[in-house]
There are 2 protein chains.
Amino acid sequence: MLTPERRPYRREAEDKRRQALIAATLSLVAEGGARIATVRAIAERAGVTAGLIRHYFQSKDSLIAASYRHVMERMTHESVAVLKAAPHDPQARLVAFVAASLRPPVVDRDALILWASFMQETKRDAAMLATHASTYLGFRDQLQGLIAALPQDRSAAELRQMAIACNAVIDGLWLEGSALPDAFAKGELVEIGVTAVGAILGLKLTNYMLFTGPF
Amino acid sequence: MLTPERRPYRREAEDKRRQALIAATLSLVAEGGARIATVRAIAERAGVTAGLIRHYFQSKDSLIAASYRHVMERMTHESVAVLKAAPHDPQARLVAFVAASLRPPVVDRDALILWASFMQETKRDAAMLATHASTYLGFRDQLQGLIAALPQDRSAAELRQMAIACNAVIDGLWLEGSALPDAFAKGELVEIGVTAVGAILGLKLTNYMLFTGPF
DNA sequence: TTGCTTGTTATTCATTTGGATAATTGGACA
DNA sequence: TGTCCAATTATCCAAATGAATAACAAGCAA
């Protein structure tokens, strides 16, 4: 009689395990939508057994919500981080920000699937809706700050409208570029985005395209 | 001994039943995302029993795909239909088109949830991805046609870029307005959208705002 | 009125799902 | 090296899910 062998395992730090579970969740959702992200599939991809999920998260929904927060932070971080290395010239900073938002890894089919999958959950989960709202408004405020720094005199109302419009261009291009990656040439989204933002603001930003950063 | 009473029913035309099932599906998905749209919930909302779904659709996935096609057709139809009643002046037609895309029922939280829910499924279902691509490109072509009709001389490449940019503005504003209805004043999206599209095209479209249509 | 077709309901089934609980063992610490 | 806490696995469970099949009856046709 063979004794049934128990699966060997390693103990890990709490933070490491949480990150692994979140990463597994995001990987699965990006791969096939929320429906394939079952507790068992997540556990398997994270290299643990299903029961462990409830050791680190109150429920599956709690893990999902944590994953959403994680991905939204990652996305905005990518666009904002570029400002640290950006020059001080306001136009160049704006161009760098727009460009960073319109190329990988921000523009990415998997990122869109993640976004869509979580957006759908905002109907059931008020906390996830709040996460969405604060992420969106935070990004728009960032953009409005860049616009306000331009050498122009704008009223508060004008600033708000321009920020909304520029944000919309970025969001729309992000959406379409992520959903249909093959429909656009490399760098095309950045060029169109910078040009359009410039037109909305009444500036010729294309001169600053060299601050666009790497592809 | 009480004979178990069988639920009474009416026979309906095939088309009517299919429409009812699709409507029930959309209503559920919009209400709480794809996860609450189970065969039993759909059947209940449509006023039939679960088994009937498979009498009209090969599988649940087939019903989902049909529902997606239905909602996408409905959304683009709304924007395009306005052109039939629109004047012949190219600028006015463009404004009417943009405005129709940026107010209810196109801008609508439920519509966004539907869109997001189905977008996520495009990862598993190639047919649904194709539905998305043809809808997006169809809408953009429509827009490009309106831009080409303007009294300007544009190269094909310019036309393409402008159509992409204008489409992005519309998509972005639709997205944000649908996701956070309370973040924008009534008519604000239309005003911002028309202004931004005008800026991108180098036109002053705000004079044509009276062709914006009703709210 | 009487069949008959088939739209519709009822029942059943095998899986899957999220969660609860019990059993085990890794590894830090003495 | 031995002890012991808790991280982890293993097992179980009730509910839900999509689908298949059987039974029934609505309503048209003759």
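Within every chain, numbering begins at 1; the chains are lettered A, B, ... in the order of the sequence lines, protein sequences first and strands thereafter. Small disclaimer: the values here were computed from a predicted structure and weren't measured.
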Self-check item: Note: Glu188(A)-Arg160(B) ion pair, threshold 4.0 Å (strictly below)
Solution: yes
Practice problem: For Ile36(B) and for Tyr56(A), locate the closest nucleotide of DNA chain D by heavy-atom distance; then report the residue assigned to the nucleotide nearer the 5' terminus. | Solution: Tyr56(A)
Quiz item: Between His55(A) and dA7(D), does any side-chain N or O lie under 4.0 Å from OP1 or OP2?
Solution: yes
Self-check item: Length of the line joining Lys60(B):NZ and dT17(D):P, which is rounded to integer Å
Solution: 8 Å
Quiz prompt | Whole-Å distance separating the CD atom of Glu5(A) from the P atom of dT24(C) | solution = 15 Å
Quiz item: Leu21(A) has an atom CG; how far is it from atom P of dT9(D), in whole Å?
Solution: 10 Å
Quiz prompt | Ion pair check, Arg10(A) and Glu12(A), cut-off under 4.0 Å | solution = yes
Quiz prompt | Lys/Arg N to Asp/Glu carboxylate O, Glu78(B) vs Arg74(B), below 4.0 Å | solution = no
Practice problem: Would you mind classifying the nucleic acid contact of Thr49(B) as base, sugar-phosphate or nothing, using non-hydrogen atoms under 4.0 angstrom? | Solution: base
Quiz item: More 5' along DNA chain D: Leu52(A) or Val39(B), using each one's nearest nucleotide?
Solution: Leu52(A)
Quiz item: What nucleotide among dA23(C), dG19(C), dG18(D) has an atom nearest to a side-chain atom of Ser59(A)?
Solution: dG19(C)
Quiz item: Contact class for Glu12(B) vs. all strands (heavy atom < 4.0 Å): base, sugar-phosphate, or nothing?
Solution: sugar-phosphate
Quiz item: Heavy-atom distance under 4.5 Å between the side chains of Arg124(B) and Arg35(A), does that happen here?
Solution: yes
Quiz item: When you measure from the side chain of Arg11(A), which nucleotide among dT9(D), dA6(D), dT9(C) comes out closest?
Solution: dA6(D)
Quiz item: If you check every side-chain atom of Arg17(B), which of dG27(C), dT8(C), dG18(D) has the closest atom?
Solution: dT8(C)
Exercise. Measure the distance from CD on Glu14(A) to P on dA7(D) and round it to the nearest whole Å.
Key: 8 Å
Quiz item: Nearest to the side chain of Tyr9(A), which nucleotide is it out of dG27(D), dT9(D), dA19(D)?
Solution: dT9(D)
Practice problem: For Glu44(A), look at atom CD and say whether over 12 heavy atoms of other residues, nucleotides or ligands are found less than 6.0 Å away. | Solution: no
Quiz prompt | Whole-Å distance separating the NZ atom of Lys16(B) from the C1' atom of dT8(C) | solution = 15 Å
Self-check item: Any donor-acceptor N/O pair under 3.5 Å between dG18(C) base and Arg40(A) side chain
Solution: yes
Quiz item: To the nearest Å, how far apart are Ile53(A) CD1 and dA7(D) P?
Solution: 16 Å
Practice problem: Rounded off to whole Å, could you give me the CG-to-C1' distance for the Asp15(A) and dA7(D) pair? | Solution: 16 Å
Quiz item: OP1, OP2 of dT25(C) versus side-chain N and O of Arg7(A): anything below 4.0 Å?
Solution: no
Practice problem: Return the value, rounded to whole Å, for the distance between atom CZ of Arg6(B) and atom C1' of dA25(D). | Solution: 7 Å
